[in-house]
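Every chain is numbered from 1, with letters handed out A, B, ... down the list of sequences. Treat the numbers as computed from the prediction; the structure is a model and nothing was measured.
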Protein chains: 2
Amino acid sequence: MDTTQSTDQERSADRRRRELLEAADRVVLRDGPGASMNAIAAEAGITKPILYRHFGDKGGLYAALAQRHTDALLDSLRAALDAPAERRERVEATLDTYLAAIEARPQVYRFLMHPAEGGQPGGDQGFDVGKLSAPLLRRMGEELGKVIEDRLDLGPDSRRLARIWGHGIVGMMHAAGDWWLGERPCTRAELVRSMADLLWGRLAAAGDKVGGPGF
Amino acid sequence: MDTTQSTDQERSADRRRRELLEAADRVVLRDGPGASMNAIAAEAGITKPILYRHFGDKGGLYAALAQRHTDALLDSLRAALDAPAERRERVEATLDTYLAAIEARPQVYRFLMHPAEGGQPGGDQGFDVGKLSAPLLRRMGEELGKVIEDRLDLGPDSRRLARIWGHGIVGMMHAAGDWWLGERPCTRAELVRSMADLLWGRLAAAGDKVGGPGF
DNA sequence: ACTAAGATGTTACCTGCGGTAACGCGAGTC
DNA sequence: GACTCGCGTTACCGCAGGTAACATCTTAGT
């Protein structure tokens, strides 16, 4: 009759999907990535085939799960990036936001950076070289690149330069954050300051060490 | 009798090990990471248990394999880093060396950055947060950190700063290289120049864009 | 009211993986 | 000749991802 029924069904299916995702989230948060489909289904109170009907395969579920977290994190980062402040302050705020996020929920972070391996045997041949690294890194790199291009005046090659810097800075943040999370060699604030110093050219400005090997 | 026998045996075992590693290398190069132990054993003309006797488990084999390539790449990088030239030239040479390596053999690169997932079910609980990212990244970060600390005069916090920068720069190189390898948005030389520009403080020096949103 | 359709859920199974136990066999040693 | 010991095999276990086939309950059509 009216559309309420179809919308009800639609809503029901959608709600179910969200419930499943939340269950999956709990399991991944508890068991880390590599959580089995069986475990996730059990947590959701159902059995495997339902998961497969909703998400196709494990990659689909993980992609859906990853997108939720990625979107959330990207929102935080955009907020820090858009704050009304000096450029250096904004950069530091963005770095700090990212680090705070991975510090608060390392399991989620680990899951986002380690997306399920993928690649079934057969057909993958011949230098495919697609989706090498985590989608989150790519998305963050692209976003930052856009922001840089929008905000900064970089001369003729502005577009190319901005994208390269976007991916580069995100990679720097990621690698340093990963190492820091493992070894905790200093406070978060120190790490943020040090990285900002690097981006502000202190590497180029530093003097050679006296008595160095050969020069 | 004399030691020739034991040395012969030793040599034999060692040679076997090398043969197996080379076979594994071929398979990984062909099938990418995720190559099965069966496939590797078949390529070597033997069966699985022999692999397990030599390397313990899949992680052991992959670790041995990874170390060969990692050592080779690190040697190249050290050479570029130690060249007698201006700092900027050395930085560019190092970046270029890395990019040339991943460009020449993307499958190897992919394998090195995607180390086997690990983590058997059970016991892994409770915020372990170890070995999050690829060992190659860590090693490169540490090495670069040492070089920076040795060469540059960074004031009081020299040690901390150098390590942070080491990991950060390596991460920048990795992420930008990964993205570049996938999309090929520019030449290698352009990428190298752009990254060096970033490290040389062009981000801080750039002017705000006129007509930007709000400032 | 009876039936047809379709979503929702199940059990039971297939394939392929990492990993291992048990056995076979040839070469040296006493 | 018996004993061991390195090298190799077959056959198997457990568990993962993924699927086929069956059961069920709701809803629509006549």
*Starting at atom CG of B:Asp57, determine the distance to atom C1' of C:dC17, rounded to an integer number of angstrom.*
14 Å
*Could I get the full list of side chain to side chain donor-acceptor pair (under 3.5 Å) partners for A:Asn38, not counting sequence neighbours?*
none
*Is B:Lys48 side chain donor-acceptor paired with the C:dG19 base, going by distance under 3.5 Å alone?*
yes
*Rounded off to whole Å, could you give me the CD-to-P distance for the B:Glu19 and D:dC7 pair?*
12 Å
*Euclidean distance, atom CE of residue A:Met37 to atom P of D:dT19 [Å, nearest integer]*: 10 Å
*Verify the ring-centre separation between A:Tyr62 and A:Phe111: is it less than 6.0 angstrom?*
yes
*Roughly how many Å is it from CG in B:Leu51 to P in C:dG19, rounded to a whole number?*
11 Å
*Does D:dG8 have OP1 or OP2 sitting under 4.0 Å from an N or O in the side chain of B:Thr47?*
no
*Closest to the B:Ser36 side chain, choosing from C:dG18, D:dG17, D:dT9*: C:dG18
_Rounding to an integer number of Å, can you tell me how far B:Leu20 CG sits from D:dC7 P?_
11 Å
_Test item: A:Arg87 side-chain N/O and B:Ala206 main-chain N/O as donor-acceptor pair under 3.5 Å_ = yes
*Send over the distance from B:Arg17 CZ to D:dC7 C1', rounded to a whole Å.*
17 Å
*Let me know which of B:Leu154, B:Asp157, B:Leu161 forms a side chain to side chain contact (heavy atoms under 4.5 Å, CB included) with A:Ser194.*
B:Leu161
*Does a donor on one side chain sit under 3.5 Å from an acceptor on the other, for B:Thr70 and B:Arg139?*
no
*May I have the distance from A:Tyr52 (atom OH) to D:dA21 (atom P), rounded to whole angstrom?*
18 Å
*Among the candidates C:dT10, D:dT9, D:dA16, find the nucleotide nearest to the side-chain atoms of A:Lys58.*
D:dA16
*Give a yes/no answer on whether the side chain of A:Arg16 brings an N or O atom under 4.0 Å of OP1 or OP2 in C:dG9.*
yes
*asked:* Both A:Pro49 and B:Arg53 contact DNA chain D. Which one's nearest nucleotide lies toward the 5' end?
replied: B:Arg53
_In this structure, how many angstroms lie between the P atom of C:dT10 and the NE2 atom of A:His54, rounded?_
11 Å
